[in-house]
S.K.: 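Once you've had a glance at the structure underneath, I'll fire off some questions.
Throughout, protein chains are lettered first and strands after them, A, B, ... in sequence-line order, and every chain is numbered starting at 1. Because the structure is a prediction, the values reported are computed rather than measured.
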Amino acid sequence: MPSLIKNLEERGFIYQISDPDLDTFLETNNTSCYAGFDPSAGSLTIGHLIPIIGLMHMQNSGNRPIAVVGGATGMIGDPSGKDQERSLLSIETLRQNEAAVKKQLSKFLDFDSKTCGALLVNNYDWTGNYKYLDFLRDIGKHFSVNAMIAKESVKIRLESRDQGISYTEFSYQILQAYDFHHLWKTYGCRIQIGGSDQWGNITAGIDLNRRLGGEQLYGITFPLIMTADGKKIGKSEGNAIWLDENLTKPYVLYQYFIQADDRDVVRFLKLYTFLSMKDINDLEKCLEHEPEKREAQKVLAQEVTKLVHGERGLRAAESATRVLFGDEPIKNFDDDTLKAIFAETPSAWLPRNILTSGITLVELCVVSGFCKSKGEARRLITSGGLYCNNVRITEPDFMITKDQLASKSILILRSGKKRYFLIHLKD
RNA sequence: GGGGAGAUACCCAAGUGGCCAAAGGGAGCAGACUGUAAAUCUGUUGGCAACUGCCUUCGGAGGUUCGAAUCCUCCUCUCCCCA
């Protein structure tokens, strides 16, 4: 059984470690480990899954995970990785996001373990009512501006002549540093993990704790996860892949991973699943010898979907996939089945009577909003890229009548291989 | 304050009186090949109509001209150099 750090290293989690002794420290100690989550949106994305899974690994090897929702830090805005000042979110939005993020995090961690049950806390609780003057005296005094402006996140903004940085964002690192100190003092938390852009904030916390006479703290950062074609992970056609099933249906999440590039899939298996290294190596061999089976992609998609949406979500995603990639004409379905399968698909609602005398395919594409103009629709159709209920139609003036319905009131358009669109008819 | 350069379609960027709905590249979208991968190749990317037709578009407003993205005037903005 490799050590926790070796294991994380092997799985590609580790970009930087603040102190090489962390490994030996963990051999003989169990501690708590925290990761912070910024409530800047109403849901986390699969990018956030990395620190979440990091916490899970920590818990699996007997350390208490602490997930911190940034109710306080979110009010300030982290300059890390941002090349311009952020606009502040309203307090209501922030509180809503906090609640949503908290709910999501709670799904991944085990709170019932007797020895290392997870904690879910909000840094607003220990920062919100700290008096400004007291904070400056107690905490601010330990920060050297010289060191603060040397941090990468600040330096970039100071060097950029037209962007600059506000005092508010400049102060951010102090708040996050204080979090780390607070969590050490309150829960004995010795480790903070985060994305590589968090390095400066993490080391600020380590320094602060030392100045305040606390124990040695440790930090680990994860690499920025990019796909082989150079995109940041978690974007599908420019849309984020959210963990909230109302924002990103399980099927879409499943598809994102099943379409993973060969060059990425092994790396993702290590990061995003809890499969043993042996299983992953087996899948890698399979990828090498029989890439067309796409066994590795399938397992990856299954594991991640199960982790995020449970068995039920996985089943829904798989049944949708069977219909969508089955190549069979979609015919004689019932409305509810199709609605379930295509729940995430963009849709339009049209009055049923447009089909009574029929409508040309071009026309339908435009009035439903599937295509922006008739020219675009015509191009798509004549180039062979349009499918109606999985059947290719190349004649722009093909008449669509109620005979073309896939179910009682649904018609399915598709452009290319993957872009589906639903037309619902209402009476 | 003085001087110079520039603003073209989603982005970069050619075009400097008609042959310009506007080269080229990127990106996008489709097709072929495939494994729902990658790479490659092909087509396509203002709107309407559809056998060569019409309308809108080259920072904004005017003007010159039979005719302008292209020339002139004013305005707005961006960049550079000198104070």
S.K.: Let me have RNA chain B in dot-bracket notation, would you? Count Watson-Crick plus G-U wobble pairs, both distances under 3.5 Å, and use [ ] for pairs crossing earlier ones and | for inter-strand partners.
M.R.: ((((((((.[[[..)..(.....]]]((((((.......))))))(((....)))...[[[[[..)....]]]]]))))))).
S.K.: Name all residues meeting the ring-ring contact (aromatic ring centres under 6.0 Å, His included) criterion together with A/Phe421; count only those two or more places apart in sequence or in a different chain, and write none if there are none.
M.R.: A/Phe370
S.K.: Any protein N or O atoms within reach of nucleotides 36-39 of chain B? Criterion: under 3.5 Å, listing atom names and distances.
M.R.:
unit_1: B/U36; atom_1: O2; unit_2: A/Gln255; atom_2: OE1; d: 2.8
unit_1: B/U36; atom_1: O2; unit_2: A/Gln259; atom_2: NE2; d: 3.0
unit_1: B/U36; atom_1: N3; unit_2: A/Gln255; atom_2: OE1; d: 3.1
unit_1: B/U36; atom_1: N3; unit_2: A/Gln255; atom_2: NE2; d: 3.4
unit_1: B/A37; atom_1: OP1; unit_2: A/Lys418; atom_2: NZ; d: 3.3

S.K.: Once side-chain hydrogen bond (donor to acceptor under 3.5 Å, both in side chains) is applied, what residue pairs with a partner in residues 298-313 of chain A remain, sequence neighbours excluded?
M.R.: A/Gln302-A/Glu318
S.K.: Please enumerate all residues that pass side-chain contact (heavy atoms from CB on, under 4.5 Å) together with A/Tyr15, with sequence neighbours excluded.
M.R.: A/Ser196, A/Thr221, A/Pro223
S.K.: Any pair with a residue in residues 335-366 of chain A that passes ring pair (Phe, Tyr, Trp, His ring centres under 6.0 Å), sequence neighbours left out, goes on the list, sorted by first then second residue, please.
M.R.: A/Phe342-A/Tyr420, A/Trp349-A/His424
S.K.: Can you list the residues that meet the side-chain contact (heavy atoms from CB on, under 4.5 Å) rule with A/Ala147, with sequence neighbours excluded?
M.R.: A/Ser144
S.K.: Sequence neighbours excluded, which residues qualify as side-chain contact (heavy atoms from CB on, under 4.5 Å) partners of A/Asp110?
M.R.: A/Gln59, A/Asp112, A/Ser113
S.K.: What does the list of N/O pairs under 3.5 Å between the protein and nucleotides 43-46 of chain B look like, with a distance for each?
M.R.:
unit_1: B/U44; atom_1: O2'; unit_2: A/Arg379; atom_2: NE; d: 3.3

S.K.: Scan A/Lys374 against the nucleic acid and name what it touches under 4.0 Å (heavy atoms): base, sugar-phosphate only, or nothing.
M.R.: sugar-phosphate
S.K.: Which pairs pass salt bridge (Lys or Arg N to Asp or Glu O under 4.0 Å) with one or both residues in residues 94-106 of chain A, sequence neighbours excluded?
M.R.: A/Arg95-A/Glu98
S.K.: Using the ring-ring contact (aromatic ring centres under 6.0 Å, His included) criterion, which residues pair with A/Tyr251? Sequence neighbours excluded.
M.R.: none
S.K.: Go through the structure and list residues passing side-chain contact (heavy atoms from CB on, under 4.5 Å) with A/Arg392, not counting sequence neighbours.
M.R.: A/Tyr387, A/Thr394
